[in-house]
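Written below as structure tokens is the structure these notes are about.
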Amino acid sequence: MAHTDPGRISPETLLVTAGRPAREPDAPLNVPVTFASNFVQGGDRGYARTSQPTWDAFEEVVGTLEGGRSLAFASGLAVLTAILELVPPGGVVVAPQVEYSGSRTLIDAAVAAQRFSVRFVDTSSPHDLREAIDGADLVWLETPSNPMLETVDLQAAVDAARTAGALVAVDATFASPLRLRPLDFGADLSMHSATKFMSGHSDLLMGVVSTANPELYQRLHDVRTRTGGVAGPMETWLALRGLRTLAVRLDRAEATARLLVDQLESHPSVVRVRYPGFGAIVAIELPDAATADAVVAAVTIWCPATSLGGVESTLERRRRWSAESPSVPEGLLRLSVGLESPDDLWSDLATALERSWT
Ligand SMILES: *Cc1c(COP(=O)(O)O)cnc(C)c1O
């Protein structure tokens, strides 16, 4: 693999240059997808649940971006499953009161099975977070949060966790590694649902976790091999292909998101706009579920669909899912801004809002 000094090179460049085969005559520019379950003995590889050359390339790119070493998983929730495996039996986890519903469902199930206990807190309040950390084994954070778009004061959280001897793991899916590098704040683990912005084309599920701590890296590697939540080579190859364009995709989507936020903030039928100031996810609160459903039914360019971070703009009313937190307003729409023309996106949304209002 080509070697780069990540300290001197910008993330935009690393996205393109890292994880390439060595520059030799006739070498391919891209690491080819390797479909293999096993490898001839005598080398470092054995069975492909442990290691795989297509993962290596993807993990190298993410690791250089994040400032650590990375491990690819089958999905974001496979990463969270592995992180929760680090909590000793009967341990204590601090988790957000409102977070991605799938993560919450996973944590609730582990608590119901008496694997560990959990303290749910408003992680956007450094005070509440500090109060909850004493005696914890793991502080699990999500920033910006899904779908409320609240942010965490990471430095305060990491400082409090250090004092308490707790691990800090951050789900930074909404920020992508270009807008937030949790390891820079001293977080132990940074994870992403690579299903979203990293891969960026709504065509696969994957997760990835990074750490600067070699012992944690090894433990998570062992968990991955033991539990088998591994990514397929084709998914990994597609995710790497998507990752190459992350910077341009995110810059464009974020610029459009800002334009939309400006328009939405002065719109008479929008009760509240939630936007953390960066990234391409916006949440708007409409007066009730019926109004929000009417907007979803009326759009023609925006796609009514769950998930986020793809080139296509999507929107959905989050409370249509029974697993979504009751603290999320019934009329909240989560918008994932994609790469269509900002004018088209705004006129489609404005027309839908107008129709739902009259
Ligand atoms: C989608 C999502 C996940 C789960 O990732 P999968 O790849 O769907 O398993 C975790 N966290 C956040 C913030 C997400 O948006």
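Because the structure is predicted, anything quoted here is derived from the model rather than measured. For ligands, and for the atoms within them, numbers begin at 1 and follow the listed sequence. Positions are given from 1, in the same order as the sequence printed here.
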With a 4.0 Å cut-off, would you call Glu59 and Arg224 a salt bridge? yes
Which of the atoms of ligand 1 are close to Glu142, meaning less than 4.0 Å from one of its heavy atoms? 13 (C)
If you scan protein heavy atoms around atom 11 (N) of ligand 1, the nearest is Asp171 OD2, 2.6 Å
Could you tell me whether Arg45 and Asp56 make a salt bridge, using a distance below 4.0 angstrom between a side-chain N and a carboxylate O? yes
Would you say Gly76 has any N or O atom under 3.5 Å from an N or O of ligand 1, going by distance alone? yes
Region of Leu77 engaging ligand 1 - heavy atom pairs below 4.0 Å: both
Carboxylate-amine/guanidinium proximity below 4.0 Å for Glu85 and Arg226: yes
If we count only N and O atoms by modelled type, under 3.5 Å, do the side chains of Asp343 and Ser341 hold a donor and an acceptor together? no
With heavy atoms of Phe174 as the reference, note each atom of ligand 1 found under 4.0 Å away. 15 (O)
Are Arg179 and Asp251 within salt-bridge range, i.e. N to O under 4.0 Å? yes
Identify the residue among Leu332, Val295, Asp293 that makes a side-chain contact (heavy atoms from CB on, under 4.5 Å) with Leu286. Val295
What's the shortest distance from atom 4 (C) of ligand 1 to any protein heavy atom, and which residue and atom give it? Tyr100 CE2, 3.4 Å
Considering the heavy atoms of Ser75, write down every atom of ligand 1 situated less than 4.0 Å from one of them. 7 (O), 9 (O)
Under a 4.0 Å heavy-atom limit, does Lys196 contact ligand 1 with its side chain, its backbone, both, or neither? side chain
Would you say Ser103 has any N or O atom under 3.5 Å from an N or O of ligand 1, going by distance alone? no
How far is atom 5 (O) of ligand 1 from its nearest protein heavy atom, and which residue and atom is that? Ser193 OG, 3.0 Å
Numbering as shown, the atoms of ligand 1 that approach Asn146 to under 4.0 Å (heavy-atom distance): 14 (C), 15 (O)
For Thr195, counting its heavy atoms only, list the atoms of ligand 1 lying under 4.0 Å from any of them. 6 (P), 7 (O)
Passes side-chain hydrogen bond (donor to acceptor under 3.5 Å, both in side chains), Glu66 versus His192? Steps please. CA-CA 11 Å; Glu66 292 265 65; His192 293 264; 3.3 Å; yes
Mark up the atoms of ligand 1 that fall under 4.0 Å of a heavy atom belonging to Met206, in ascending order. 7 (O)
Under 4.0 Å between a Lys/Arg side-chain N and an Asp/Glu carboxylate O for Arg318 and Glu324? yes
Please determine whether a side-chain nitrogen of the Lys or Arg among Glu99 and Arg104 lies less than 4.0 Å from a carboxylate oxygen of the Asp or Glu. no
Mark the output for His192 as yes if a heavy-atom distance to ligand 1 is under 4.0 Å, and as no if none is. no
